[in-house]
Engineer: 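Shown below is the structure under consideration.
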Amino acid sequence: MSRRLTYLDHNATSPLRPEAREAMLAAMDIVGNPSSVHGAGRAARQKVETARAAVADLVGAAPDEVIFTGGATEANNIALRGLGVERVLVSAIEHDSVLAAVPEATRIPVDGAGVVDLAALAALLAAGPANTLVSVMLANNETGVIQPMGEIAKLCVRHGALLHCDAVQAAGKLPLRKAVLGADLLSLSAHKFGGPQGVGALVVPAALPVTPLAFGGGQERRRRPGTENVPAIVGFGAAARLAAEGLEDYALRLAALRDEAEVRLRELAPDAVVFAAGAARAPGTLSIAMPGVDSQTQLMALDLAGVCVSAGSACSSGKVTASHVLMAMGMPVEVAGSAIRISFGWNSTNEDVEALVAAWGALYRRRSPAAQLGAAS
């Protein structure tokens, strides 16, 4: 009998929702190019626009603000490189697709909980120039920490700066509205909440000039050329519609699972470190360190027990290194190097928590004598 897989890596990718899969399969039978004017093309275009409206509704945007991309990495790159600003400010805990898009960007420091230092941001904005773009993610992909986007937006407005928000880990998991966030641009990804991989969106005002990264077509309002991936976009729309239904109850359910796991693991290991425990966090994310046991060892042991977690971002070619997020929070390298990320999603259950606790607890109990001595001292 095969062992049940305990999948707790939804921040990396969430399993495809059955309804999204069904919608995608139906869309594959549509032969028209969405840019063609004949009937088949118009049928494909209708599917794309229906999905666009669903994605827009999920984040409280207008449909004409949604530009479909090949994923959030591309959306982030368009936002950071396509606005022609003089200066870019990014938080020190951003995803690699933001940090690498503009390597010369000025880093905004964060405090020990991973929250942006508003005073430091205000000072950077005051130093000018006014033609500045600020990029801060809403919910951190590793710790789940939620940033005070309203306060950040007020600072940007006061100094005439644009604000980009990577909302990948919040969309579909938390109720959010673009106007409430105060962001000019939002990046989204379908596969973080049950849509397909390889499709995302940049939400950007139609009146804001954006230079595309590629050239050769007028698709997506000339901001992202290339024939639209109709089945993926349709799956994105289906997942967005499902995520929008009962979103507040869903967030509460995820938070309950996360909190149960956190309490149980801390009971097993009083010396464990839960990162950003006192900060507002996305409901399904738990980042925890097992003292004396490095992340790689934990990942391997949990994987052998049928439990899938990660050591941080899944976008670093499978490398397991000390997290730049935790280092920016001031964590010692030995603590950051023993952290794992546990992330719940749409199909997570209490049974997953039980399997996690059993596997993690078994590893904790068989740590090396040196590790146990270090934890006790």
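Only this structure's heavy atoms are used, side chains among them; waters, hydrogens and symmetry mates stay out. Keep in mind that what you see is a predicted model, and the values were worked out from it rather than measured.
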Engineer: Would Leu16 and Val55 show up in the same hydrophobic cluster when neighbours are defined by side-chain heavy atoms closer than 4.5 Å?
Structural biologist: no

Engineer: Does Arg366 qualify as a cation-pi partner of Tyr364, given the criterion of NZ or CZ under 6.0 Å from the six-membered ring centre and within 45 degrees of its axis?
Structural biologist: no

Engineer: Would you say the side chain of Glu248 lies within less than 4.5 Å of the side chain of Leu174, judging by non-hydrogen atoms?
Structural biologist: no

Engineer: According to a 4.5 Å side-chain heavy-atom criterion applied to Ile, Leu, Val, Met, Phe, Trp and Tyr, with indirect links allowed, do Leu326 and Val274 form part of one hydrophobic cluster?
Structural biologist: no

Engineer: Share the residues that join Val210 in a hydrophobic cluster, the rule being Ile, Leu, Val, Met, Phe, Trp or Tyr side chains under 4.5 Å apart at the heavy-atom level.
Structural biologist: Ile67, Ile78, Leu80, Leu83, Val85, Val88, Val90, Val98, Leu99, Val102, Leu133, Leu162, Leu185, Leu202, Val204, Leu208, Leu213

Engineer: Is a donor on one side and an acceptor on the other found under 3.5 Å between the side chain of Arg177 and the backbone of Leu58?
Structural biologist: yes

Engineer: Do Gln197 and Thr13 have side-chain N/O donor and acceptor atoms under 3.5 Å apart?
Structural biologist: yes

Engineer: Please answer: with hydrophobic residues joined when any side-chain heavy atoms are less than 4.5 Å apart, are Val145 and Ile288 in the same cluster?
Structural biologist: no

Engineer: Is any NZ, NE, NH1 or NH2 atom of the basic residue among Arg367 and Asp271 found under 4.0 Å from an Asp or Glu carboxylate oxygen of the other?
Structural biologist: yes

Engineer: CZ/Phe193 to CG/Leu247 distance, rounded to the nearest 0.5 angstrom?
Structural biologist: 10.0 Å

Engineer: How close do Lys173 and Tyr250 get, counting heavy atoms only, and between which atoms?
Structural biologist: CA-CE2, 4.1 Å

Engineer: To check you understand the geometry: which heavy-atom pair defines the closest contact between Ala206 and Arg223, and what is its length?
Structural biologist: O-NH2, 2.8 Å

Engineer: How many angstroms lie between CG in Leu125 and CG in Leu89, if you round to the nearest 0.5 Å?
Structural biologist: 5.5 Å

Engineer: Is it true that Asn11 and Thr285 share a donor-acceptor pair across their side chains at a distance under 3.5 Å?
Structural biologist: yes

Engineer: Is the shortest heavy-atom distance from the side chain of Leu286 to the side chain of Ile340 under 4.5 Å?
Structural biologist: no

Engineer: Could you pull out the closest heavy-atom pair between Val293 and Ser338, with the gap in Å?
Structural biologist: O-CB, 3.1 Å

Engineer: With rounding to the nearest 0.5 angstrom, report the NE2 to CZ distance, His10 to Arg341.
Structural biologist: 11.0 Å

Engineer: So which heavy atom on Lys47 is nearest to which on Ile30, and how close?
Structural biologist: CG-CD1, 3.4 Å

Engineer: Under the 3.5 angstrom rule, does the side chain of Ser295 hit a backbone N or O of Ala339 as a donor-acceptor pair?
Structural biologist: yes

Engineer: Working to the nearest 0.5 angstrom, can you tell me the gap between Ser310 OG and Asp303 CG?
Structural biologist: 12.0 Å

Engineer: Flag the pair Lys178 and Glu65 as a salt bridge only when some basic side-chain nitrogen lies within less than 4.0 angstrom of an acidic carboxylate oxygen.
Structural biologist: yes

Engineer: Do Val66 and Val168 sit in one hydrophobic cluster, given that two such residues count as connected whenever their side-chain heavy atoms are within less than 4.5 Å of each other, even indirectly?
Structural biologist: no

Engineer: Indicate whether the side chain of Thr132 and that of His159 have a donor and an acceptor atom separated by less than 3.5 Å.
Structural biologist: no

Engineer: Output the distance between atom CD (Glu354) and atom CG (Leu356), rounded to the nearest 0.5 Å.
Structural biologist: 9.5 Å

Engineer: May I ask you to check whether Ser287 and Glu142 show a side-chain donor-acceptor distance below 3.5 Å?
Structural biologist: no

Engineer: Which atoms form the tightest heavy-atom contact between Ala161 and Asp184, and what is the distance?
Structural biologist: O-OD2, 4.2 Å

Engineer: Can you tell me if Ser36 uses its side chain to pair, donor with acceptor, with the backbone of His38 under 3.5 Å?
Structural biologist: no

Engineer: To the nearest 0.5 Å, how far apart are CZ in Arg45 and CD in Glu228?
Structural biologist: 4.5 Å

Engineer: Would you indicate whether the side-chain heavy atoms of His95 and Gln169 approach each other to under 4.5 Å?
Structural biologist: no

Engineer: Any heavy-atom pair between the side chains of Arg281 and Ile146 that's under 4.5 Å?
Structural biologist: no

Engineer: Decide, yes or no, whether a salt bridge links Arg264 with Glu260 under the criterion of side-chain N to carboxylate O below 4.0 Å.
Structural biologist: yes

Engineer: A side-chain contact here means heavy atoms from C-beta on lying under 4.5 Å apart; do Pro196 and His191 qualify?
Structural biologist: no

Engineer: Determine, for Glu220 against Arg52, whether the closest basic-nitrogen to carboxylate-oxygen distance falls under 4.0 angstrom.
Structural biologist: yes

